[in-house]
Amino acid sequence: MTCQRCSDEASVHLTETVDGRPTELHLCVPCARKAGIVLPEKPPALGLDAVVQGLIVAHVGELVGDLAELACPDCGIKFMEFRAQGRLGCPADYDVFRRGLIPLIFRHHGATRHVGKIPRRSRAGTDRARLRLRAVLRDTIALEDYENAARIRDQLRHKDADR
Amino acid sequence: MNLDELTQTSGEWLRGTGPESDIVMCSRIRLARNLNDFPFINRASRSEKGEIETHIRTAIAAVSDNLAYLELNQRSKLDLQFLVERQLISREHASADYPRGVAIGPHENVSIMVNEEDHVRIQAMHSGLSLHDVWEQINALDDQLEERLSYAFSSQLGYLTACPTNVGTGIRVGVMLHLPALVQTKQIDKVFRALQKINLAVRGLYGEGTQAFGDFYQISNQQTLGNSELELIRNLTEVVPQIIEYERTARQKLVSERRQHLHDQVSRAYGVLKTAHTISSEETMHLLSSVRMGINLGLIDDLEIPTVNELFIHTQPAHLQKIQGTPLEVDERNVARASYLRSRLSNGRHTEAN
């Protein structure tokens, strides 16, 4: 189809309603611009790449960006590592990765709130102070800093005695 | 506990007693628990795993004199496989190589795996459809352990587990069903699809990813959060009788429409098991399944269900080697298995070994 203003091939096809009647307009790109019609910079991407990209963002969106790199200060595991292995590193991860975990938990369980048994002891919970001390202990042992490791062990033992 | 002595007995869950025990081999519940001040197993150092084991082992010892504790780290592969075959530990627990153990209760009704995927995995099993009894037992044991251990728990998410698919109650409520007629009449897939739609999982005799040996299937909940333990038990208690009914209907259909064929199949299966001189584990399971159904339908009258239940377990590779007292290659095992079956099935009316 040729442009209604010049004889070039028309690539812009519009249907306008003028006085209640549909009016067709066929123009080439330069004539369309001259007529003040705003054209997209690039045709919209509808190729396979775009579809795949869309799927990746929809399904593993959490694996790109800051959540993926988020690491638990108590056990060191990154959210990305959890997603690869399927196992968390310590009880504190449920707090640290809350944003990423709650949608996963909802998808599996269809719920995000516990309604079952509750431990009778008030001590149950997550002991992040001790988890943190253990993390420091693992690091000092890895660095062969046995003097500090012994000191941290003592601290853990004292906390044991307090319990 | 001497493992070799266990070859002379079998777990209570194989006794073939309890409600619906012609179809429901056993009811089982497990609870996943973790200490609140240690990393989960995949992040714990070896020495931390050792400490975890010590803590939990001490608590177990304080709870009951009746729980025999086995350290697993120094055990032979054969011993570990033997415990897997008896359903006392999982395959994953057997194949790990760090400090870990299992506590086993009287009659093998209870086992507590230490340092499996979670720090504590308590399991209780009873024969027949008896989930409420199992829950009472395991809940009491969990309470006793909890008095001595600080579990990881959050008021919103419940018991915190290494895998978020177990978070909340940490419970898996399961029944092991023998469904040969549904398999033979090719209706089993339909049943599975219906179960999956209501979020129940179907597994084989030895858990996740295992084939359905001998037409045994474990049906269990997949979701652990958002319903209480008793609600999850009720779900299963309501669904299982329907499956039992389907299986009974399918059996009656086989009896009424293909009686000769069925009788022939059962008799041949029994005949092969009584006379073979070499037989694989797979064929044994397959034939025992026919014999088990045959007894329940009154087609065999000189053999009892507990014996057949026990043979499913005692003809497994590690059991055979324990019974023989020597390591055996596959071919040797097939010969030993046939010989064991002949001796257990040859003398008229049979009873349990113990």
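This one's a predicted model, so the numbers in the text were calculated from it and none came from an experiment. Chain A is the first sequence line, chain B the second, and so forth, proteins listed ahead of strands; every chain is numbered from 1.
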Does a salt bridge link B/D143 with A/K117, judged by any charged N lying under 4.0 Å from a carboxylate O?
yes
Criterion side-chain contact (heavy atoms from CB on, under 4.5 Å) on A/H114 and B/T169, from CA distance to verdict:
CA-CA 7 Å; A/H114 175 58; B/T169 53; 3.9 Å; yes
Return the option, out of B/L230, B/N34, B/N199, B/T161, with the maximum number of heavy-atom pairs under 4.5 Å with chain A.
B/T161
Taken to the nearest 0.5 Å, the spacing of A/C90 SG from B/I41 CD1 works out to 12.5 Å
Give, as side chain, backbone, both or neither, the part of B/N139 having an atom under 4.5 angstrom from any heavy atom of chain A.
both
Chain B heavy atoms under 4.5 Å from A/I77: which part of the residue, side chain, backbone, both or neither?
both
Under 4.5 Å, counting heavy-atom pairs only, tell me which of B/A162, B/G158, B/A44, B/S228 racks up the most with chain A.
B/A162
What's the shortest heavy-atom distance between A/R138 and B/S45, and which atoms?
CD-CB, 4.2 Å
Strictly distance-based, threshold 3.5 Å: is any side-chain N or O of B/R43 a donor or acceptor partner for the main-chain N or O of A/C75?
yes
Would you mind telling me which of A/E81, A/Q85, A/R87 makes a side-chain hydrogen bond (donor to acceptor under 3.5 Å, both in side chains) with B/N42?
A/Q85
Quick one: does A/H108's side chain have a donor or acceptor within less than 3.5 Å of a partner on B/T224's backbone?
no
Among A/A92, A/P91, A/G110, A/G76, who wins on heavy-atom pairs under 4.5 Å with chain B?
A/P91
What residue in A/G89, A/G86, A/A129, A/C72 has the most heavy-atom pairs under 4.5 Å with chain B?
A/G89
Heavy-atom pair of closest approach, residues B/G226 and A/A111
CA-CB, 3.6 Å
Pairwise distance CG(B/N227) to NE2(A/H109) - rounded to 0.5 angstrom
11.0 Å
Is the number of heavy atoms from other residues, nucleotides or ligands within 6.0 Å of CG (B/D65) greater than 12?
no
Proximal component of B/L35, with respect to chain A [non-hydrogen, under 4.5 Å]
backbone
Chain B contact via A/I102 - which portion, at a heavy-atom distance below 4.5 Å
side chain
Given a strict heavy-atom distance threshold of 4.5 Å, which part of B/S47 is in contact with chain A: side chain, backbone, both, or neither?
neither
Using a cut-off of under 4.5 Å on heavy-atom pairs, state which of B/L232, B/I171, B/D142 scores highest against chain A.
B/D142
I need the residue from A/D95, A/L131, A/L101, A/I118 with the largest number of non-hydrogen atom pairs under 4.5 Å to chain B.
A/L131
In terms of heavy-atom contacts, A/L88 and B/P164 come closest through CD1-CG, 4.0 Å
Nearest heavy-atom approach of B/L157 to A/Y94 is CD1-CD2, 3.7 Å
Quick check: closest heavy atoms across A/T112 and B/Q156, and the distance to 0.1 Å?
O-NE2, 2.6 Å
Closest non-hydrogen atom pair, A/R134 against B/P39
CD-CD, 4.3 Å
Mark yes when over 12 heavy atoms from residues, nucleotides or ligands other than A/R128 sit less than 6.0 Å from its CZ; otherwise mark no.
yes
